[in-house]
Amino acid sequence: MKPFRYVEPATLAEASALLLQHAGQASLLAGGTDLLVEIKEQLRSPEIVINIKNLPELRGLEFDPVQGLFIGAMATARSIELSPLVQQHYPGLAQAARELGSIQVRNRATIVGNVCRASPSADSLPPLLADAARIHLHGAAGPRELALGEFFTGPGRTALQPGEIVTGIQLPAPQAGSGKSYIKHGRRKAMELATVGVAVSLQLRQGVLSEIAIVLGAVAPTAVHAPRAEALLRGRGITPALLAEAGAMAMQECTPISNVRASADYRRDMVGVLVQRALVQALAHAGHTLPVTPPANQNMQEGS
Amino acid sequence: MMNPSPNPSPSLTPSLTQTMAVAMTINGEPRQLLLDPWRSLLDVLRNEAGLTGTKKGCDVGDCGACTVIMDGVPVNACLVLGVEAQGSVIQTIEGLQPSPDTLHPLQHSFMQHGAAQCGFCTPGILMMAKALLDENPAPSEQEIRFGLAGNICRCTGYTKIIDAVSAAARQLRGEAA
């Protein structure tokens with residue numbers, strides 16, 4: 001590894017001041033599973049590495065039935081994967097955490113780090129965005145909060161200002177009738193980057209979808225909502241035909257690229273399939289059972 | 001090693017040392033090591049601590065050959081800085097045997113099942129399997145496969161490895177292997 005100076009600040013304010021003072025030349029170290037790889041592969045050459053792991057202000061995972069889930073900057077992917085409360089109330093997020101790297105990686109990697117990396121294929125982003133997460137930042141001017149959707153400005157790019165540190169991510173409390181899911185599609189079962197990821201978060205009231213969010217990963221520069229598919233479903237009763245229609249709609253709303261992992265056409269087709277499956281899973285989580293395999297829609301057959 | 005920034009700001013000086021004294025417990029033995037902060041725990045274990053049983057495969061967290069148990073949980077030693085291990089308890093393959101003359105049931109089972117070919121991935125797999133069985137003494141085949149997903153063997157398949165872990169689990173539970 002290229003040599004760097006290493007510092008363990010005692011407070012969040014000190015860490016933020018250091019980051020500001022060395023803007024562009026400093027990297028924060030939390031889990032380290034991305035940072036150390038980037039240093040080794042010379043994708044990044046920080047002059048100073050600021051270890052924020054021992055800051056008293058940074059917290060882990062906290063759940064409150066009214067406030068919801070707070071994913072502190074120190075919460076590891078493994079802690080989220082194993083949390084019974086996350087598994088129960090936020091199964092999409094638990095699934096995304098479970099799909100990230102290996103257990104060895106998940107024991108170190110933080111979800112906040114995964115978010116700050118802002119990879120278009122990051123597993124944690126679709127379920128967090130689908131749940132309308134808010135991100136908490138701390139900088140020289142003090143704390144501020146953003147909708148997570150506003151945090152991502154492009155692949156690997158975020159709204160973080162010089163000196164700002166993400167302190168955590170807040171998810172709303174689950175309500176009766178809420179259902180969530182995440183499906184990752186890759187070429188193998190583990191140690192994989194998503195070819196397509198689909199997260200759904202919905203609210204079912206008397207058989208009608210009162211709220212619905214569909215977020216697609218790895219098919220646009222950032223994880224993106226499928227607003228027309230959401231609009232199609234909102235306020236409607238559920239039928240397999242409607243879910244197929246939503247899948248077809250979502251296919252038109254993504255802008256995938258072709259790369260070593262898959263072609264754009266393949267990714268688009270998989271969006272159609274996975275949106276339906278993710279909807280079925282989220283409905284099941286909300287207590288609404290549908291046939292496990294919705295009928296394939298016309299577009300899918302023509303497109304493949 | 002060069003110092004990349006010869007003029008650290010005065011306010012930062014107390015914490016901006018280069019070589020750091022780091023205390024950790026490795027396989028039950030307290031160790032004091034002088035470490036440059038950019039050295040990975042893997043390099044520190046292999047060089048400074050002289051424990052070369054932990055292997056360097058990919059060095060970027062993909063292969064699992066460097067798996068050690070840090071404060072009770074398995075990690076890739078290549079993705080941890082040595083200085084981050086300050087105060088930590090580290091278990092490596094050298095500490096798996098209960099005594100010099102006795103094999104750990106996992107080691108014995110790997111021998112019985114022929115669960116190694118070139119053996120390079122074996123220390124990491126044994127440490128991951130130990131962590132897995134510490135957490136779940138009776139894993140299903142699927143759970144063993146899920147647990148070992150971050151440990152890559154490039155010689156051959158995983159069948160004998162899975163069988164060996166499964167048999168060791170039975171033995172550790174006091175059942176016939």
Side-chain angles (χ1 to χ4, degrees), chain A residues 1-11 14-15 17-22 25-27 29-41 43 45-54 76 78-79 81-82 98-109 113 188-193, chain B residues 1-6 8-9 11-20 35-43 58-64 66-84 86-87 124 127-128 131-132 135 142 145-152:
Chain A
M1 254 183 287
K2 186 171 174 288
F4 49 74
R5 288 191 292 147
Y6 173 86
V7 58
E8 293 180 359
T11 65
E14 193 190 330
L18 275 168
L19 194 56
L20 185 63
Q21 184 184 350
H22 300 273
Q25 296 162 340
S27 291
L29 172 71
T33 54
D34 253 327
L35 177 66
L36 298 190
V37 173
E38 290 194 343
I39 295 175
K40 289 179 190 202
E41 296 187 340
L43 301 171
S45 316
E47 288 185 10
I48 175 167
V49 168
I50 304 170
N51 184 350
I52 57 170
K53 203 167 282 180
N54 300 316
T76 61
R78 186 74 173 155
S79 73
E81 168 190 3
L82 295 179
R98 200 181 136 85
E99 302 257 19
L100 192 157
S102 62
I103 291 175
Q104 291 97 315
V105 166
R106 299 199 292 276
N107 274 328
R108 303 290 295 177
R188 54 184 181 190
K189 290 178 185 168
M191 298 298 286
E192 176 67 308
L193 298 177
Chain B
M1 289 286 188
M2 64 162 195
N3 184 334
S5 183
S9 126
S11 67
L12 306 175
T13 310
S15 40
L16 272 181
T17 50
Q18 286 295 300
T19 305
M20 300 169 68
L35 304 179
D36 286 326
W38 55 85
R39 311 249 317 141
S40 72
L41 178 61
L42 173 58
D43 286 342
C58 69
D59 206 26
V60 288
D62 288 333
C63 79
C66 67
T67 301
V68 299
I69 300 177
M70 180 175 185
D71 297 325
V73 299
V75 301
N76 293 314
C78 71
L79 295 186
V80 179
L81 294 177
V83 292
E84 287 186 276
Q86 165 62 36
M127 295 314 285
M128 188 62 217
L132 173 68
E135 193 177 282
Q142 202 185 354
R145 287 183 180 275
F146 181 78
L148 294 180
N151 294 82
I152 312 294

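The shown structure was predicted, so the numbers you read here are calculated from the model rather than taken from an experiment. Numbers restart at 1 for each chain; the letters A, B, ... are given by sequence-line order, proteins then strands. Only heavy atoms go into these numbers, but all of them, side chains included; no hydrogens, no water, no symmetry mates.
Using a 4.5 Å cut-off between heavy atoms, B:L81 contacts chain A through both its backbone and its side chain. Contacts of A:K53 with chain B are made by side-chain atoms alone, with heavy-atom separations under 4.5 Å and no backbone atom involved. Neither the backbone nor the side chain of B:V68 comes within contact range of chain A, judged by heavy atoms closer than 4.5 Å. A:Q25 does not touch chain B: none of its heavy atoms, backbone or side chain, sits under 4.5 Å away. Looking at A:R98, the atoms closer than 4.5 Å to chain B (heavy atoms on both sides) sit in the backbone and in the side chain alike. For B:Q86, no part sits under 4.5 Å from any heavy atom of chain A, backbone or side chain. For a residue to count as touching a neighbouring chain, one of its non-hydrogen atoms must lie under 4.5 Å from one of that chain's; by this rule A:L29 touches chain B with the side chain only. Residue contact with chain A, scored on non-hydrogen atoms closer than 4.5 Å, is absent for B:D43.
For A:E99 and A:K189, the salt-bridge test fails: no basic side-chain N is under 4.0 Å from an acidic carboxylate O.
Using a 4.5 Å heavy-atom threshold, the side chains of A:H22 and A:P46 count as separate.
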**Request:** Given salt bridge (Lys or Arg N to Asp or Glu O under 4.0 Å), test A:E41 with A:K2 step by step and report yes or no.
**Result:** CA-CA 10 Å; A:E41 296 187 340; A:K2 186 171 174 288; over 6 Å; no

**Request:** Output, in order, the C-alpha distance, side-chain angles, deciding distance and verdict of salt bridge (Lys or Arg N to Asp or Glu O under 4.0 Å) for A:E47 and A:R5.
**Result:** CA-CA 6 Å; A:E47 288 185 10; A:R5 288 191 292 147; 5.4 Å; no

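Contact between A:A15 and A:I52 at its shortest, heavy atoms only, is CB-CG2, 4.3 Å.
When each of A:V37, A:N51, A:I39 is checked for heavy-atom pairs under 4.5 Å with chain B, A:V37 comes out on top. Your options are B:V80, B:D62, B:L132, and the one with the most heavy-atom pairs under 4.5 Å with chain A is B:V80. With chain B as the partner, the residue from A:V105, A:V49, A:L35, A:L36 showing the most heavy-atom pairs under 4.5 Å is A:L36.
With hydrogens and angles ignored, the 3.5 Å screen pairs no side-chain donor or acceptor of A:R78 with any backbone N or O of A:E81. A:N107 places a side-chain N or O within 3.5 Å of a backbone atom of B:P74 that can act as its donor or acceptor partner. A distance-only check finds no donor-acceptor pair linking the side chain of A:R108 to the backbone of B:V75 [under 3.5 Å].
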